[in-house]
Amino acid sequence: MMDRTKQANRILCDLGLLDKLNQYGKAHIIGSVRMDLMAWNDLDIDVENEEMTLEGLHQLSDYIIHHFHPTWYEAKEEINAQGNKIWFHGFEFYFENELWNIDIWFLDKTAIEKAEVYCDTVSNRIKENKQLKNAILEIKQELIKKNLYAFDKYTGMDVYDAVLNKGVLNTEAFICLIGK
């Protein structure tokens, strides 16, 4: 298996996703790719665009469906807690015989900056202590194996908080602490 980060970069660059998203606004890679904490094939992208439209949502949907041939796809307009419109595209597709999940959010610059600061803070903490990075990756991988790593169960942010702020270093301690 190829390195997940290299695969993510190939999806972004070689398959043209980054260029396409930059037609809609400035794309920012966030999440586990940005933090170098990839435990599975997941790519999170925020696009700086406060002027997205339903027509733009449909155009990008058409591109994604015809270019990536997803096995699952969702696109929607939402109103966030601050009353602002936000736009989401999520899809799964096979790349080099492996299933990938791609989440794309169209957000304002402030929201994206907060996400980047969060990611960079986590990244800087794990650079200082490889034991923390290993604990995060091992917990995430074990949760994936147990089918417990999902939006409605345990998330990466749950793992980062437990390891970095509560001293949790293994899956059993994580599950006992969080207990969802």
Side-chain angles (χ1 to χ4, degrees), residues 1-123 140 143-144 147-160:
M1 178 182 72
M2 181 184 273
D3 173 84
R4 284 185 181 93
T5 302
K6 287 181 182 174
Q7 283 182 303
N9 287 327
R10 290 196 53 223
I11 291 167
L12 289 165
C13 298
D14 297 351
L15 297 185
L17 182 59
L18 191 60
D19 285 340
K20 186 64 171 181
L21 293 176
N22 278 324
Q23 293 174 10
Y24 290 87
K26 184 177 180 189
H28 300 258
I29 309 308
I30 62 161
S32 59
V33 173
R34 185 178 181 102
M35 295 181 282
D36 191 27
L37 288 170
M38 291 190 74
W40 69 313
N41 299 337
D42 181 54
L43 182 54
D44 297 302
I45 308 160
D46 288 350
V47 180
E48 207 175 304
N49 179 333
E50 297 179 51
E51 305 299 323
M52 186 63 160
T53 63
L54 192 56
E55 182 180 334
L57 177 102
H58 292 160
Q59 290 170 352
L60 185 56
S61 294
D62 185 64
Y63 169 80
I64 290 169
I65 290 166
H66 289 96
H67 193 76
F68 292 96
H69 309 285
T71 59
W72 168 83
Y73 179 77
E74 178 181 4
K76 60 184 174 178
E77 170 192 324
E78 294 181 346
I79 305 297
N80 68 9
Q82 293 74 36
N84 301 324
K85 278 187 186 178
I86 58 175
W87 306 84
F88 172 76
H89 289 266
F91 64 100
E92 292 180 346
F93 80 109
Y94 280 92
F95 178 65
E96 297 180 345
N97 297 315
E98 292 184 8
L99 188 64
W100 275 80
N101 178 73
I102 312 293
D103 291 329
I104 305 164
W105 289 93
F106 289 80
L107 304 166
D108 63 70
K109 186 176 184 173
T110 302
I112 293 171
E113 286 172 350
K114 287 180 183 177
E116 289 179 326
V117 166
Y118 177 84
C119 290
D120 293 346
T121 300
V122 170
S123 183
K140 286 171 74 173
L143 292 173
I144 290 166
N147 203 24
L148 295 173
Y149 192 74
F151 184 73
D152 60 341
K153 296 181 183 177
Y154 300 116
T155 67
M157 291 179 74
D158 293 329
V159 176
Y160 309 144

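Everything quoted here is computed from the prediction, not taken from an experiment.
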Please step through side chain to side chain contact (heavy atoms under 4.5 Å, CB included) for the pair Leu18 and Ile29, ending with a clear verdict. CA-CA 9 Å; Leu18 191 60; Ile29 309 308; 4.2 Å; yes

Between the side chain of Asn41 and the main-chain N/O of Leu99, is any donor-acceptor distance below 3.5 Å? yes

With side chain to side chain contact (heavy atoms under 4.5 Å, CB included) as the criterion, how do Ser32 and Arg4 come out once you've worked through the C-alpha distance, each side chain's angles and the decisive distance to 0.1 Å? CA-CA 10 Å; Ser32 59; Arg4 284 185 181 93; over 6 Å; no

Residue pair Ile102 / Phe68, side-chain heavy-atom distance below 4.5 Å: no

Leu37 and Val159, any side-chain heavy atoms less than 4.5 Å apart: no

What residues form a ring pair (Phe, Tyr, Trp, His ring centres under 6.0 Å) with Tyr160, not counting sequence neighbours? none

If I take atom CZ from residue Phe95 and atom CG from residue Asp14, how far apart are they, to the nearest 0.5 angstrom? 7.0 Å

For His58, the ring pair (Phe, Tyr, Trp, His ring centres under 6.0 Å) test, sequence neighbours excluded, returns none

Full working for side chain to side chain contact (heavy atoms under 4.5 Å, CB included) between Glu77 and Leu57: CA-CA 8 Å; Glu77 170 192 324; Leu57 177 102; 5.8 Å; no

Supply the atom-to-atom distance Lys109 NZ to Glu50 CD, rounded to the nearest 0.5 angstrom. 10.0 Å

Measure across Cys119 and Met35 and return the closest heavy-atom pair with its distance rounded to 0.1 Å. O-CG, 3.3 Å

As an exercise, state the distance from CD1 of Ile86 to CG of Asn49, rounded to the nearest 0.5 Å. 12.5 Å

Heavy-atom closest contact (Ala39 atom, Ile144 atom, distance): O-CD1, 3.7 Å

Keeping to residues at least two apart or across chains, list the salt bridge (charged side-chain N to carboxylate O under 4.0 Å, His left out) pairs with something in residues 15-35. Arg34-Glu116, Arg34-Asp120

Shortest non-hydrogen contact between Met52 and Phe106, atoms and distance: CE-CZ, 3.9 Å

Can Asn80 and Gln82 be counted as having a side-chain donor-acceptor contact under 3.5 angstrom? yes

Which residues pass the ring pair (Phe, Tyr, Trp, His ring centres under 6.0 Å) test with Tyr24, sequence neighbours left out? none

So the salt bridge (charged side-chain N to carboxylate O under 4.0 Å, His left out) pairs with at least one residue in residues 51-74 (sequence neighbours excluded) are Glu74-Lys76

Close side-chain approach of Leu107 and Glu48, heavy atoms under 4.5 Å: no

Identify the residue among Thr71, Ile64, Asn101, Ile11 that makes a side chain to side chain contact (heavy atoms under 4.5 Å, CB included) with Phe93. Ile11

Between the NE2 atom in His89 and the CD1 atom in Ile65, the distance rounded to the nearest 0.5 Å is 9.5 Å

Taking the side chain as every heavy atom from C-beta outward, state whether His69 and Tyr94 have any pair of such atoms under 4.5 Å apart. no

Residue set satisfying ring pair (Phe, Tyr, Trp, His ring centres under 6.0 Å) with Trp105, at least two apart, ordered chain then number -> Phe88

Is the shortest side-chain heavy-atom distance between Phe91 and Trp100 below 4.5 Å? no

State the CD1-CG distance between Ile79 and Asn84, to the nearest 0.5 angstrom. 8.0 Å

Non-hydrogen atoms of Ala27 and Ile45 that approach each other most closely: CB-CG2, 4.1 Å

Please answer whether the main-chain N or O of Leu15 pairs with a side-chain N or O of His67 as donor and acceptor at a distance below 3.5 Å. yes

Euclidean distance, Lys153 NZ relative to Asp158 CG, rounded to 0.5 Å: 13.5 Å

Ignoring hydrogens and angles, state whether a donor on the side chain of Tyr73 or Ser61 is under 3.5 Å from an acceptor on the partner side chain. yes

So, do Leu54 and Trp87 sit near enough that their side-chain heavy atoms are less than 4.5 Å apart? yes

